[in-house]
Amino acid sequence: MRKSVIALLLFTLGSTFAVQAADEAKPFITSQELDLTKYLPAPPADDSAQTKAELKELLEIQATRTPEQEKAAVADAEENVWRFADVMGPDFTAAKLPKTAALFERVIATEDVVDDHAKKAFNRPRPYMLDEQIHPLLKKSKSGSWPSGHSTVGYLMATVLGDLVPEKRNALFARASVYAENRLVAGFHYRSDTVMSRTGAALIAQKMAEQPDFQAEFDAAKTELRTQLGLK
């Protein structure tokens, strides 16, 4: 009995450490290596004609979104590369692609720390903070709206996946565009937030590619992924 309890404790501790390790994926770069505030312009002012027009657009989207669109927007709130499985195919799973999974955990962690710095610095209010008529589909966030982190990570994942499997690059970027559009459907971002995310994603991708550890993990994931998909 005592041995069973000890074994259970060890298993539980091991599982806890494994979860913590997964939750603490190390970014390839941080905002110290890439400060987006030095590259991105400031967002439109809250009382500007552009912001007012963008709020109007969001209200129109809210009034016409279908249950299917709402479901897709909520599903795309997940920040993980497996949202691209509809482009990559049924073999694109974490269970079958551990090296690819590890690479993208770090890619997502990178976007998070780099974008978070910019969002705090720009501090653009979310649409529902300026207009109470906007009812988001997800739990409200108080973080800055500029640029859209979800859209940035979507375009960033598409960029890296497109380099791994260039045969699917066009379809991947089309999917990333839908991923970004769903932030508007969800009532979480202005369109300009998602447009600016394309620049942020390109800058992050370029800086990541300069890192030796990124290149090593990228090469391993490329071999794994292309083998799994039956590509040469």
Side-chain angles (χ1 to χ4, degrees), residues 23-62 65 73-81 83 104-159 176-208:
D23 288 343
E24 297 173 2
K26 181 182 178 182
F28 288 111
I29 59 170
T30 70
S31 59
Q32 292 181 324
E33 287 81 32
L34 177 62
D35 184 349
L36 290 180
T37 64
K38 295 181 178 179
Y39 298 91
L40 304 184
D46 296 348
D47 59 353
S48 67
Q50 181 175 343
T51 294
K52 291 177 182 177
E54 290 186 295
L55 287 170
K56 181 180 178 181
E57 179 189 24
L58 290 176
L59 288 171
E60 291 171 351
I61 291 173
Q62 179 175 281
R65 64 193 179 195
V74 171
D76 269 355
E78 284 190 65
E79 287 189 341
N80 70 61
V81 75
R83 296 303 300 160
F104 280 95
E105 284 176 4
R106 293 191 67 185
V107 168
I108 292 168
T110 302
E111 179 279 324
D112 185 53
V113 297
V114 174
D115 236 20
D116 187 58
H117 172 75
K119 288 160 78 76
K120 287 179 179 177
F122 289 122
N123 198 30
R124 187 184 196 187
R126 298 271 181 168
Y128 47 78
M129 294 176 177
L130 292 185
D131 193 330
E132 294 181 352
Q133 298 178 83
I134 294 176
H135 305 295
L137 299 175
L138 305 158
K139 183 179 179 181
K140 292 181 179 180
S141 170
K142 295 181 180 179
S143 66
S145 196
W146 178 276
S148 164
H150 274 73
S151 303
T152 301
V153 82
Y155 286 117
L156 182 59
M157 291 189 292
T159 300
S177 180
V178 172
Y179 191 82
E181 186 72 16
N182 276 335
R183 301 308 285 166
L184 278 68
V185 176
F188 252 58
H189 281 284
Y190 312 88
R191 184 169 299 281
S192 57
D193 294 337
T194 66
V195 171
M196 191 53 56
S197 295
R198 302 173 193 171
T199 301
L203 290 167
I204 295 171
Q206 181 180 4
K207 194 66 177 179
M208 278 198 317

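Inter-residue side-chain proximity for Glu54 and Leu58 is flagged as unmet; no heavy-atom pair is nearer than 4.5 Å. In this structure, Leu184 and Arg191 have side chains that are in contact, with non-hydrogen atoms separated by less than 4.5 Å. Here the side chains of Met196 and Pro41 are in contact, with some heavy-atom distance below 4.5 Å. Contact of the Leu34 side chain with the Tyr39 side chain is registered, since non-hydrogen atoms from C-beta on lie closer than 4.5 Å. In this structure, the side chains of Leu203 and Thr199 come closer than 4.5 Å at one or more pairs of heavy atoms. Within the 4.5 Å cutoff, no side-chain heavy atoms of Ser145 are placed close to those of Lys119. Residues Asn80 and Phe104 are not in side-chain contact: their nearest non-hydrogen atoms beyond the backbone lie 4.5 Å or more apart. In this structure, the side chains of Tyr179 and Glu79 come closer than 4.5 Å at one or more pairs of heavy atoms.
Residues in residues 40-51 take part in these side-chain hydrogen bond (donor to acceptor under 3.5 Å, both in side chains) pairs, two or more places apart or across chains: Ser48-Thr51, Thr51-Arg124.
Atom NZ of residue Lys142 and atom CE of residue Met129 lie 7.5 Å apart, to the nearest 0.5 angstrom. Here the straight-line distance linking atom OG1 of Thr159 with atom CE of Met208 works out to 8.0 Å at 0.5 Å rounding. Note that NE2 of His135 and CG of Leu59 are 8.5 Å apart. Values are rounded to the nearest 0.5 Å. A distance of 5.0 Å separates CE of Met157 from CD1 of Ile108, quoted to the nearest 0.5 Å. Within the model, atoms CG of Asp116 and CG of Leu36 stand 11.0 Å from one another, a figure rounded to the nearest 0.5 Å.
When all heavy atoms of Tyr190 and Pro125 are compared, the closest pair comes out as OH-O, 2.8 Å. The two residues Ala77 and Leu138 come nearest to each other via the heavy atoms CB-CD1, 3.7 Å. Closest heavy-atom contact between Leu137 and Ala73: CD1-CB, 4.1 Å. Minimum heavy-atom separation, Thr152 to Gly200: CG2-C, 4.2 Å. For the pair Pro44 and Trp146, the tightest heavy-atom approach, listed with the atom from each and the gap, is CD-CZ3, 3.7 Å. Residues Gly149 and Asp115 share a closest heavy-atom pair of CA-OD2, 3.1 Å.
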Stepwise side-chain contact (heavy atoms from CB on, under 4.5 Å) test for Asn182 and Val185: CA-CA 5 Å; Asn182 276 335; Val185 176; 3.9 Å; yes

Going through the distances and angles, do Arg198 and Val195 end up as a side-chain contact (heavy atoms from CB on, under 4.5 Å)? CA-CA 6 Å; Arg198 302 173 193 171; Val195 171; 4.3 Å; yes

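Counting heavy atoms of neighbouring residues, nucleotides and ligands inside a 6.0 Å radius, atom CD of Glu132 does not exceed 12 of them. Counting heavy-atom neighbours within 6.0 Å of Gln206 CD, excluding the residue itself, gives a total of 12 or less.
For Tyr155 (side chain) and Thr194 (main-chain N/O), no donor-acceptor pair under 3.5 Å exists by modelled atom type. Proximity of a side-chain donor or acceptor of Glu78 to a complementary backbone N or O of Arg83 within less than 3.5 Å is not detected. At least one donor-acceptor pair under 3.5 Å links the side chain of Thr110 to the backbone N or O of Phe28. The backbone N or O of Ile204 sits nowhere less than 3.5 Å from a side-chain atom of Glu111 that would complete a donor-acceptor pair. Side chain of Arg106 to backbone of Lys26: a donor-acceptor contact under 3.5 angstrom is found. Proximity of a side-chain donor or acceptor of Ser197 to a complementary backbone N or O of Ser148 within less than 3.5 Å is detected.
Residues Ser143 and Arg126 have side chains that bring a donor and an acceptor to within less than 3.5 angstrom of each other.
By the 4.0 Å N-to-carboxylate-O rule, Lys207 lies too far from Glu33 to be salt-bridged with it.
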